[in-house]
Amino acid sequence: MTDRLVSLDACRGFVMLMLASGGLSLRHVARNFPDSAVWRFVGYQFDHCPWRGCSLWDLIQPLFMFMVGVAIPWSYASRKAKGDSDLRILLHTIRRSLLLILLGVFLSSTASEHTRWIFTNVLSQIGLGYTFVFLLRGRGGKTQFGALAAILVVSWSLFVHVTPFVAAATEGGYQTLNFVPSMATMLLGLMAGELLRGPGSAQAKLLRLVGAGAACFAVAIAADLGSVCPIVKRIWTPSWALFSAGWTFWILAAFYWFVDIKGRTKFVFPLVVVGMNSIAMYMMGQLMTGWIRQMVRIHGGRGWFDGVFGPLYVSVIVLVLLWAICFWMFRRKLFLKI
């Protein structure tokens with residue numbers, strides 16, 4: 001079975017549209033209504049937590065990384081179906097890792113006068129751990145759970161005992177070291193992907209996804225409440241890796257139920273268009289959004305976009321234009337692959 005998992009494409013499309021739109025700038029709109037409990041809630045959900053805790057916006061990156069892991073079994077099966085040997089697939093995986101790292105460096109350097117060799121961009125973070133996670137494909141539950149435990153324990157030890165290394169972070173607290181615990185996020189995605197490609201009924205797989213999410217929540221919340229390991233996204237604490245994985249398991253389960261079990265594929269077609277070109281959408285969102293926003297304000301008339309809801313209107317237009325480019329690529333079977 002090498003068919004695409006449509007729910008995976010839809011889920012990736014949802015993540016990419018959120019990223020490209022900047023959360024529809026809802027956090028900026030919310031600042032205009034400081035006395036509204038509803039807008040305070042919206043503003044919180046579409047911005048990063050200052051430190052401990054979790055918002056909807058905090059879940060975008062782990063969901064992206066989780067989906068990378070889910071896709072590995074399908075990627076491997078696709079290349080095997082084309083006749084590639086395991087060695088050739090491994091070399092391709094290493095090349096993909098290096099390209100992701102370099103793309104992340106490139107994006108981190110776009111506003112600089114020189115190359116910034118920092119590795120906190122999500123693409124670099126994925127690239128740093130991708131080959132290791134790929135090597136765990138097909139190794140069985142015991143090996144994968146053992147690797148998961150090792151990643152979480154080692155990263156917790158580094159956070160607790162290697163203070164100078166942890167302190168070497170970029171603005172906002174993000175650091176290269178985050179890639180170690182974030183490998184746990186991708187590994188859990190890999191395990192979810194192997195579950196969905198494996199034998200068993202769709203309903204049984206759905207229940208296992210939901211159960212896995214609940215187990216991740218239980219361990220993460222226990223660690224956070226006991227102050228053993230607080231849930232902090234900015235430094236990707238092990239408890240954050242598990243807590244965010246709980247949500248990603250449940251979000252994937254929701255998409256899997258709606259798309260692959262209920263067969264509502266036509267409703268998620270706009271998401272699939274983007275999900276099948278997720279790297280292209282991410283690159284366009286990073287490189288083109290600012291220019292498009294500027295052109296919209298110049299040529300669309302400032303009266304529309306300078307009011308309270310102006311940022312929302314601009315974000316919607318940006319989102320529609322970027323989606324239209326993805327749709328044009330989809331119609332012509334142009335897919336950016338690494």
When you measure from the side chain of [X] to the backbone N and O of [Y], does any donor-acceptor pair fall under 3.5 Å?
X    : Y    : value
W323 : P270 : yes
W240 : I235 : no
T143 : G140 : no
Q144 : L136 : yes
T110 : L107 : yes
S25  : H28  : no
S75  : A71  : no
S239 : P230 : yes
N178 : T120 : no
T289 : Q286 : no

**Asked** Any chance the rings of F14 and F64 have centres within less than 6.0 Å?
**Response**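 Between F14 and F64, the centre distance exceeds or equals 6.0 Å.
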
**Prompt:** How about F243 and F217: are their ring centres within less than 6.0 Å of each other?
**Reply:**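 Ring centroids of F243 and F217 are less than 6.0 Å from each other.
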
What is the minimum heavy-atom distance between [X] and [Y], and which atoms define it?
X    : Y    : result
A220 : I231 : O-CD1, 4.0 Å
G127 : S97  : O-CB, 3.3 Å
G213 : W250 : CA-NE1, 3.6 Å
A241 : A184 : CB-CB, 4.4 Å

**Asked** Is F330 reachable from W328 through a run of I, L, V, M, F, W or Y residues, each pair having side-chain heavy atoms under 4.5 Å apart?
**Response**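 Per the 4.5 Å side-chain linkage, W328 and F330 are co-clustered.
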
**Cluster overlap V259 with F267, hydrophobic side-chain contacts below 4.5 Å** =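 Yes, it is one cluster - the side chains of V259 and F267 are joined through contacts under 4.5 Å.
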
**Item:** Under-4.0 Å salt bridge between D86 and K80
**Value:**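 Yes, charged N to carboxylate O under 4.0 Å.
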
**Prompt:** Do R40 and D35 meet the salt-bridge criterion of a basic N to acidic O distance under 4.0 Å?
**Reply:**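 Salt bridge absent between D35 and R40.
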
**Asked** N121 and S124: side-chain hydrogen bond (donor to acceptor under 3.5 Å, both in side chains), yes or no, with the steps?
**Response** CA-CA 5 Å; N121 178 276; S124 291; 5.0 Å; no

Flag the pair [X] / [Y] as yes when at least one side-chain heavy-atom distance between them is below 4.5 Å, and no otherwise.
X    : Y    : answer
Q125 : I101 : no
L128 : T176 : yes
F255 : V6   : no

In Å and rounded to the nearest 0.5 Å, what is the [atom1] to [atom2] distance from [X] to [Y]?
X    : Y    : atom1 : atom2 : answer
D9   : M276 : CG    : CE    : 5.5 Å
K337 : L99  : NZ    : CG    : 14.5 Å
S201 : I261 : OG    : CD1   : 8.0 Å
L59  : I251 : CG    : CD1   : 5.5 Å
R12  : N277 : CZ    : CG    : 10.0 Å

If you count every heavy atom of other residues, nucleotides or ligands that lies below 6.0 Å from [X] atom [atom1], does the total exceed 12?
X    : atom1 : result
R52  : CZ    : yes
F335 : CZ    : yes
R208 : CZ    : no
R88  : CZ    : no
K262 : NZ    : no
W57  : CH2   : yes
F41  : CZ    : no

**Message:** Between L123 and M283, is the side chain to side chain contact (heavy atoms under 4.5 Å, CB included) condition met? List the steps.
**Reply:** CA-CA 10 Å; L123 296 185; M283 295 298 291; 4.2 Å; yes

**Pair T185-W236, side-chain hydrogen bond (donor to acceptor under 3.5 Å, both in side chains): steps then yes or no** = CA-CA 10 Å; T185 304; W236 217 280; 3.2 Å; yes

**Derivation of the side chain to side chain contact (heavy atoms under 4.5 Å, CB included) call for Y76 and R197** = CA-CA 12 Å; Y76 176 82; R197 275 194 61 82; over 6 Å; no

**Asked** Got a sec, which residues hit side chain to side chain contact (heavy atoms under 4.5 Å, CB included) with L321, two or more places apart in sequence or on another chain?
**Response**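 Counting only residues at least two positions away or on another chain, L321 forms a side chain to side chain contact (heavy atoms under 4.5 Å, CB included) with I292, I317.
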
**Item:** Quiz item: cation-pi between R27 and F46, 6.0 Å / 45°
**Value:**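 Not satisfied by the 6.0 Å and 45° rule.
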
**Item:** Test: R234 cationic atom under 6.0 Å from W51 six-membered ring centre, within 45° of axis
**Value:**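 Checked: cation-pi criterion not met.
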
**Request:** Please step through side chain to side chain contact (heavy atoms under 4.5 Å, CB included) for the pair M281 and L17, ending with a clear verdict.
**Result:** CA-CA 8 Å; M281 176 57 100; L17 288 173; 3.9 Å; yes

**Request:** Begin with the C-alpha distance, continue with both residues' side-chain angles, and end with the deciding distance and a verdict on side-chain hydrogen bond (donor to acceptor under 3.5 Å, both in side chains) for R96 and T131.
**Result:** CA-CA 9 Å; R96 175 179 286 178; T131 297; over 6 Å; no

**CA sep, side-chain torsions, deciding dist, call: I126, F179, side chain to side chain contact (heavy atoms under 4.5 Å, CB included)** = CA-CA 7 Å; I126 292 170; F179 90 89; over 6 Å; no

